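Chain identifiers are assigned alphabetically (A, B, ...) following the order of the sequence lines, protein sequences preceding nucleic acid strands; residue numbering begins at 1 within each chain. Small disclaimer: the values here were computed from a predicted structure and weren't measured.
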Protein chains: 2
Amino acid sequence: MSSLAEVSRLAGVSVSTASRVLTGSSHPISEKTRQRVIAVAQQLGYSPSALARALVSRSSQLIGVLVSDIVNPYFSVIARGVDDIASRAGYATMLSNVDRRTSTEIARVQTMRDYRAAGVIFAGSGYVDDPQTPDLLKAVRQAQEQGMHAVSLTDRDIGCPVITPDNRAAAYDITDHLISLGHRRIAFIDGPAGMVASQQRRDGFLACMSDADLAGGAECHPGGFDYEAGHAVAMRLIARRPLPDAILAANDEAAVGALNALRQAHIDVPGEVSVAGIDDLRVAQFVGLTTVSLPLYELGAMAARYIINTPPDTDADPPPTTILSHRLIPRETTARRA
Amino acid sequence: MSSLAEVSRLAGVSVSTASRVLTGSSHPISEKTRQRVIAVAQQLGYSPSALARALVSRSSQLIGVLVSDIVNPYFSVIARGVDDIASRAGYATMLSNVDRRTSTEIARVQTMRDYRAAGVIFAGSGYVDDPQTPDLLKAVRQAQEQGMHAVSLTDRDIGCPVITPDNRAAAYDITDHLISLGHRRIAFIDGPAGMVASQQRRDGFLACMSDADLAGGAECHPGGFDYEAGHAVAMRLIARRPLPDAILAANDEAAVGALNALRQAHIDVPGEVSVAGIDDLRVAQFVGLTTVSLPLYELGAMAARYIINTPPDTDADPPPTTILSHRLIPRETTARRA
DNA sequence: TTGTAAGCGTTATCAT
DNA sequence: ATGATAACGCTTACAA
């Protein structure tokens, strides 16, 4: 690895001059030395140490993304959005799986801090009444004091800007769609207990049902965000009969689980029961699932842009909340009630 | 951000002493000073600068993973394997999407080098006769000379150890399974043209067919690794009739595409046609797809372990190749021929 | 057992 | 227009 010192020596100039040339500083430099330095650097294959740079500038070109689990497509799409913007701007992406553990999030924020990351992005939802939130908030504040940015992609009170879809409205809208199709008795498969995102989606569902005077037809079942949860709830529904008019799952994966349970039981979807989800992941297209498209990629991209473009210590004081819009995507798993 | 200097000052010792205490050096230290330093550090919330550390040690605790696209579950599972091992060992994961572009891989290796990463993992397959491979090889060599490790998760001649599944054997085995079920005319949906992994899988298919004296019943169709490709090929097969006995896709996603095309055309799977894939991603479980399970998570985990545990410049000279085993997973999309 | 000082590779402040 | 030199925060000989 050739260093600046090496380049400057071969070019017969001081390190400062070499630095000025190579960083494209506005400092005046004679054309001949500029050429010479560039030539030597080029020929040596010189590439500046991001570490040394970050050490003096007190900030690296790293952006951290904290996801629950990168295998979950919800998060990998977000991560893709982040990395696309980051790499385009010369930044690199640091990824960390936190498995929904707040304590792990706290630890990772510290890691990002140790590398003087330009910012951290919290992609996962928090828990209702999480006793560790204050600690996370403190960790975030310390990171910010050090000049780091933080962004949350879900509604979370951790002292940083929030860029998020409106989970409640998304659930409300898809519920409304189901109702407009003539469905009256709708079963909702809840997300993981205690998660803020689960709660918001359920709230949206219930609000819509009661706005339509259908509160009596609404039933919530403890579920989860995974295939198995959706499958299990649907199995129970099937065993219990009569079936509801429609089943809405808190996310696409659970909806697909429910859908498969129904199909395995030879129940016609959407003939006998309509099924819908929320997220619009790729799998939803595969199975023709009616759902709500959330701007996941854009969420990650916007967060990255924010981090890259906001100068340190410039963050607005009450951290702003940005709501990105969603879109209803009707497909083949829903139909007008017979 | 408190620094070592600060800690040492408050503890009334020199920075070296503080450093020795905090790094757990074997250098003898009196118990009282040790306690004092630890207390101060603790109370100050001191956390060492990973940057400064990396700068002097000439190596950071960062592991880079180069994937084609993190949204593709094939890669996100690998990335998860890497990050699990990495974070457990105190390392952080740097992720980069390269969209199968060798030039981007080269650029990213340089980025990892700039951060003095402990190692880079190439998760994606290369191309047959890729003119840029020599450049990549050179970039890898330079990285290695600098003390970085490199690992490829596919069969690739870029001067680094390879840890990979046996694509050819995997395809061979699943083909053999299809044949053992009585299928004679089998259509193979190829992966992306020019990719080594595509070629290996097709080779395995063809080899098995010809070993079974069924070369005449083998037909390969240009396809891809995505849903759309599988869907399109199946549509063409359907339009053309008669249908083959079975369809094997180069990977699960294409297989699911084919499966859906068949189902949409009301063709009974596995009644009329059997369908199988390769990879065993989560979606394969969802749809009950017969496939071959590849140790993707383990691939990432092993690569990370290798990077973490192999001391610099200790790499074996002809870089070793490690083949991890696969497993046939029969599910509901295949059945004995009618 | 503790401290001093050099050095890792940059950038930035002053001089010249 | 160019060059010393002091940080940045840490580890590690080398001294004491």
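- Near DNA chain D, defined here as any heavy-atom distance below 4.0 Å, the residues from residues 30-49 of chain A are A:Ser30, A:Thr33, listed numerically.
- In this structure, B:Arg53 does not reach the C:dC8 phosphate: none of its side-chain N or O atoms is under 4.0 Å from OP1 or OP2.
- B:Asn97 CG to A:Thr93 OG1: the interatomic distance, rounded to the nearest 0.5 Å, is 7.5 Å.
- Of the N and O atoms on the side chains of A:Glu31 and A:Gln35, at least one donor lies less than 3.5 Å from an acceptor on the other residue.
- The base of C:dG3 sits within donor-acceptor range of the side chain of B:Arg20, with an N or O pair under 3.5 Å.
- Computed from coordinates, the A:Leu51 CG to C:dT11 C1' distance equals 15 Å when rounded to whole Å.
- Donor-acceptor pairing under 3.5 Å is lacking for the side chains of A:Asp155 and A:Thr164.
- Both B:Val15 and B:Arg116 lie close to DNA chain C; mapped to their nearest nucleotides by heavy-atom distance, the more 5′-ward contact belongs to B:Val15.
- Side-chain nitrogen and oxygen atoms of A:Ser3 include none within less than 4.0 Å of the OP1 or OP2 phosphate oxygen of C:dG9.
- Checked for salt-bridge contact, B:Arg113 and B:Glu145 miss the test: no charged N lies under 4.0 Å from a carboxylate O.
- Comparing B:Val56 and B:Val13 along DNA chain C, the residue whose closest nucleotide (by nearest heavy atom) sits nearer the 5' end is B:Val13.
- Between A:Thr17 and D:dT2 there is no side-chain polar atom (N or O) within less than 4.0 angstrom of OP1 or OP2.
- There is a side-chain donor-acceptor pair under 3.5 Å between A:Ser16 and A:Ser14.
- With D:dA4, D:dG9, C:dT11 as the choices, the nucleotide that has an atom nearest any side-chain atom of A:Ser16 turns out to be D:dA4.
- For a distance-only test at 3.5 Å, the side chain of B:His27 qualifies as a donor-acceptor partner of the base of C:dT2.
- The local environment of CG in B:Asp157 is sparse, with at most 12 non-hydrogen atoms from other residues, nucleotides or ligands closer than 6.0 Å.
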